[in-house]
There are 2 protein chains.
Amino acid sequence: MGNVKSGEALDPGLACPIAPVVDIVFSRWTTPILWTLHEYGRQRFVELQRRIASITPKVLTQRLRQLERDGLVVRTYHPEVPPRVEYEISELGRSLAPLFATLAEWSAVNLEKVERSRRAYDDGET
Amino acid sequence: MGNVKSGEALDPGLACPIAPVVDIVFSRWTTPILWTLHEYGRQRFVELQRRIASITPKVLTQRLRQLERDGLVVRTYHPEVPPRVEYEISELGRSLAPLFATLAEWSAVNLEKVERSRRAYDDGET
DNA sequence: CAGGATCCTGTACGATACTG
DNA sequence: CAGTATCGTACAGGATCCTG
């Protein structure tokens with residue numbers, strides 16, 4: 001931290017050392033997918049789709065591919081008829097558990113404060 | 001955790017208990033802004049703009065308003081000529097520090113693994 | 001079943017002015 | 001200085017249909 005020359009302008013990714021990991025872990029749909037995979041274990045494409053009701057197959061595929069590429073999810077293809085594909089969290093993906101726990105904890109303590117702040121702000125702006 | 005009826009389909013926000021807080025804390029530009037505010041303390045609009053070089057004033061304003069509404073940032077307007085506005089992290093915003101630290105730690109340990117996984121994946125797909 | 005292909009739309013964001 | 005206003009666009013994501 002603080003290894004930045006004073007007065008230097010920064011790129012979005014460089015202005016903040018955690019930006020890269022935020023892109024990886026918190027890009028759209030990744031948390032619901034990882035969470036579902038963590039909660040229900042190894043499962044097939046349709047199961048994921050059913051559990052994350054509002055996601056379309058196209059987007060689910062895109063995000064699963066991205067997570068597979070990043071090594072957070074493992075895809076297993078069974079060449080049968082009909083084809084069967086199973087997804088599960090990788091070791092690396094599982095290493096995010098404490099992070100998610102910290103997040104859940106912060107949420108439990110502070111989410112209500114955020115909501116109150118929003119209501120106060122919206123009242124004042126009327 | 002696990003307080004979900006079996007077989008139930010879930011909304012994106014409901015499929016994952018941390019989804020709401022992810023929207024609040026990790027929506028676009030919020031981490032660079034919070035990080036810069038945390039690193040350099042209370043500062044004016046232009047300073048923020050200079051430090052997060054690639055952000056436009058319009059978007060910076062939008063995101064600052066959102067963060068103010070959520071109670072993570074405090075905006076102080078000084079009715080002078082020329083006008084002076086200062087932004088700083090709120091108490092609530094500061095409470096995110098351990099979370100960011102956990103994230104930085106995970107990044108330090110695992111970012112390289114993600115990059116290696118990507119290279120391996122891209123090699124295989126050629 | 002697990003997706004690919006195609007088409008379409010919303011909106012988040014950038015660029016470029018302009019004001020109190 | 002600290003924004004707003006306006007315009008234009010690129011791309012994420014939805015809807016629908018199709019296939020190995």
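First the proteins, then the strands, lettered A, B, ... as listed; each starts at 1.
Here D/dG3 presents its P atom at 11 Å from NE2 of B/His78, a figure rounded to the nearest Å. Spacing between atom CZ of B/Arg28 and atom P of D/dG13 amounts to 11 Å, rounded to whole angstrom units. In this structure, B/Tyr87 atom OH and D/dA2 atom P are separated by 8 Å, rounded to whole Å. In this structure, the CG atom of A/Asp23 is 14 Å from the C1' atom of D/dA12, given to the nearest Å. In this structure, B/Leu60 places its CG atom 17 Å from P of D/dA5, rounding to the nearest Å. The distance between atom CD of B/Gln43 and atom P of D/dA2, rounded to the nearest whole Å, is 11 Å. The nearest whole Å value for the distance from the CD atom in B/Glu68 to the P atom in D/dG3 is 9 Å.
Closest-nucleotide positions on DNA chain D for B/Phe45 and A/Lys58 were compared, and the one nearer the 5' end corresponds to B/Phe45.
The side-chain heavy atoms of A/Arg65 and B/Tyr121, taken from C-beta on, include a pair separated by under 4.5 Å. Between A/Arg118 and B/Asp70 the shortest side-chain heavy-atom distance falls below 4.5 Å. Using a 4.5 Å heavy-atom threshold, the side chains of B/Arg28 and B/Val59 count as separate.
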| said: Between A/Arg69 and B/Asp122, is the side chain to side chain contact (heavy atoms under 4.5 Å, CB included) condition met? List the steps. | reply: CA-CA 8 Å; A/Arg69 191 173 100 103; B/Asp122 292 345; 2.5 Å; yes
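For B/Ser117 (side chain) and B/Lys113 (main-chain N/O), no donor-acceptor pair under 3.5 Å exists by modelled atom type.
Here chain B contacts DNA chain C (any atom closer than 4.0 Å to a heavy atom, that is under 4.0 Å), and the contacts span C/dC13 to C/dG20 from 5' to 3'.
Taking only side-chain nitrogens and oxygens, B/Arg65 comes nearer than 4.0 Å to OP1 or OP2 of D/dT4. For A/Arg63 and D/dG13, the shortest distance from a side-chain N or O to OP1 or OP2 is below 4.0 Å.
Ion pairing between a basic and an acidic side chain is recognised when a charged N comes within 4.0 Å of a carboxylate O; A/Glu47 and A/Arg84 show no such pairing.
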